[in-house]
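One structure is given below, encoded as structure tokens.
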Number of protein chains: 2
Amino acid sequence: MWFRVDPRLATPVYQQVVDGVKEAVAKGLLRYGDRLPSVRELATMMTLNHNTVAKAYQELERERVIEVVRGRGTYVAQPGVVPDREERLEKMAETMRLLWVEAHHLQLSEDEFVKLFQQSMQEWNRERGRDNA
Amino acid sequence: MWFRVDPRLATPVYQQVVDGVKEAVAKGLLRYGDRLPSVRELATMMTLNHNTVAKAYQELERERVIEVVRGRGTYVAQPGVVPDREERLEKMAETMRLLWVEAHHLQLSEDEFVKLFQQSMQEWNRERGRDNA
DNA sequence: TCAGTGTACTAGTACGCATGGTACACTTTG
DNA sequence: CAAAGTGTACCATGCGTACTAGTACACTGA
């Protein structure tokens, strides 16, 4: 599978599934039209309940990351209009604010903070490049 | 008070108190040696339970943001050694990763993403400048 | 017809958050 | 010494969410 799930973490399992799929799509591991495992398949693979996987799939469909075809399965959706774009941009900005406050308490200078930020993005891009080779 | 609390939000109230105090310290609204309201005072002011405020204060003390003197009160701590520095840096990096994934799904280019980031920091610095005048 | 799909229920367990109340050891003040 | 104010430690309760488990339904394709 393209991701892992750890029930001991604080973030809910269904959220980890959502994040995992979104990351796989962002990296290009999953592309438009690719079929995802059925809720029962994925539940068996990761030893989860099918309801938990279904909850994740519903959230992913709400965000237009996947498309559901009743009776057939779920597929990676084509990039298009993004729902709730403004709210999500707002939430991103708020998260950045909290990050900057935390950086302050970790005694990071503005330069160090920006560097950590760029470093995190570069590492991600390296992974993406490898996966897409 | 230096912050607000909204019990309707998803983030726990005690966490909002923690974030609020940390932000006030980061901005310079609270400085080394300043006294914080007692748990019962703050609880009354914000119509919370004293246990909720106490939980927030304990977390703040664990992070060395404040110092507790039994029988006297709580005070803003002097900047010093930061506990759990490595773990918190790790968590920051992980948050940045998730932000970058979300940015991808919001169809933000790398430049737009970085710009949003810088913009968020600049706005914060403006507020800080105003408060510290 | 039948197997596989997502979906919708119900029921139960577990955990964290928040409130409310009481009590204790400590410090400062009168 | 007494009183008031401090953080802290309990216990009990209600509430919402997460997760599991099981069952059932409507739909699709072979």
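Just so we're on the same page: letters track the sequence lines, and every chain starts at 1.
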*Considering only Ile, Leu, Val, Met, Phe, Trp and Tyr, and joining two whenever side-chain heavy atoms are under 4.5 Å apart, list the other residues clustered with A/L98.*
none
For residues 49-58 of chain B, which side-chain donor-acceptor pairs fall under 3.5 Å, sequence neighbours excluded?
unit_1: B/N49; atom_1: OD1; unit_2: B/N51; atom_2: N; d: 2.8
unit_1: B/N49; atom_1: OD1; unit_2: B/N51; atom_2: ND2; d: 3.1
unit_1: B/Y57; atom_1: OH; unit_2: B/P37; atom_2: O; d: 2.7

_Other residues, nucleotides and ligands only: do more than 12 of their heavy atoms fall within 6.0 Å of CD on A/E41?_
yes
Compile the donor-acceptor pairs under 3.5 Å between side chains in residues 10-30 of chain A and protein atoms, sequence neighbours left out, one pair per line.
unit_1: A/Q15; atom_1: NE2; unit_2: A/D19; atom_2: OD1; d: 3.2
unit_1: A/Q16; atom_1: OE1; unit_2: A/D6; atom_2: N; d: 2.9
unit_1: A/Q16; atom_1: NE2; unit_2: A/D6; atom_2: O; d: 3.0
unit_1: A/Q16; atom_1: NE2; unit_2: A/T11; atom_2: O; d: 2.9
unit_1: A/K22; atom_1: NZ; unit_2: A/E63; atom_2: OE1; d: 2.8
unit_1: A/K22; atom_1: NZ; unit_2: B/E102; atom_2: OE1; d: 2.7
unit_1: A/E23; atom_1: OE1; unit_2: B/R97; atom_2: NH2; d: 3.1
unit_1: A/E23; atom_1: OE2; unit_2: B/R97; atom_2: NH1; d: 2.9
unit_1: A/E23; atom_1: OE2; unit_2: B/R97; atom_2: NH2; d: 3.1
unit_1: A/K27; atom_1: NZ; unit_2: A/E127; atom_2: OE1; d: 2.6

*asked:* With heavy-atom distances below 4.5 Å as the criterion, would you say the side chains of A/R4 and A/M46 are in contact?
replied: no
*Using a 4.5 Å cut-off on heavy atoms from C-beta on, say whether the side chain of A/L36 contacts that of A/L42.*
no
_Interface with DNA chain D, restricted to residues 7-18 of chain A and to heavy atoms under 4.0 Å_ = A/P12, A/V13, A/Y14
*Contact residues, residues 40-55 of chain A to DNA chain D [heavy atom, < 4.0 Å]*: A/R40, A/L48, A/N49, A/H50, A/N51, A/T52, A/K55
How would you list, by chain and number, every residue that makes a side-chain contact (heavy atoms from CB on, under 4.5 Å) with [X], sequence neighbours excluded?
{"X": "B/R64", "value": "B/P83"}
{"X": "B/E110", "value": "A/M121, A/N125, B/W100"}
{"X": "A/S109", "value": "A/D111, A/E112"}

*Boundaries of the chain B footprint along DNA chain D (any atom under 4.0 Å from a heavy atom)*: D/dG5 to D/dC10
*Does OP1 or OP2 of C/dT5 have a side-chain N or O of A/R35 closer than 4.0 Å?*
yes
*Would you please name every residue forming a ring-ring contact (aromatic ring centres under 6.0 Å, His included) with A/F117, sequence neighbours left out?*
B/F113, B/F117
*Would you classify B/E67 as touching base, sugar-phosphate or nothing, given that sugar-phosphate means primed atoms plus P, OP1 and OP2, and contacts are heavy atoms under 4.0 Å?*
nothing
*Tell me which residues in residues 71-83 of chain A put a heavy atom below 4.0 Å from DNA chain C, sorted by number, or none.*
A/G71, A/R72, A/G73, A/T74
*Nearest-nucleotide comparison on DNA chain D, the residue closer to the 5′ end among B/P37 and A/R70*: B/P37
*Could you tell me the separation between the CG atom of B/L99 and the CD atom of B/E94, rounded to the nearest 0.5 Å?*
10.5 Å
*Drop me the distance from A/L116's CG to B/M96's CE, to the nearest 0.5 angstrom.*
4.5 Å
Contacts table for residues 70-80 of chain B: side-chain donor-acceptor under 3.5 angstrom, sequence neighbours left out:
unit_1: B/R72; atom_1: NH2; unit_2: B/Y75; atom_2: OH; d: 3.4

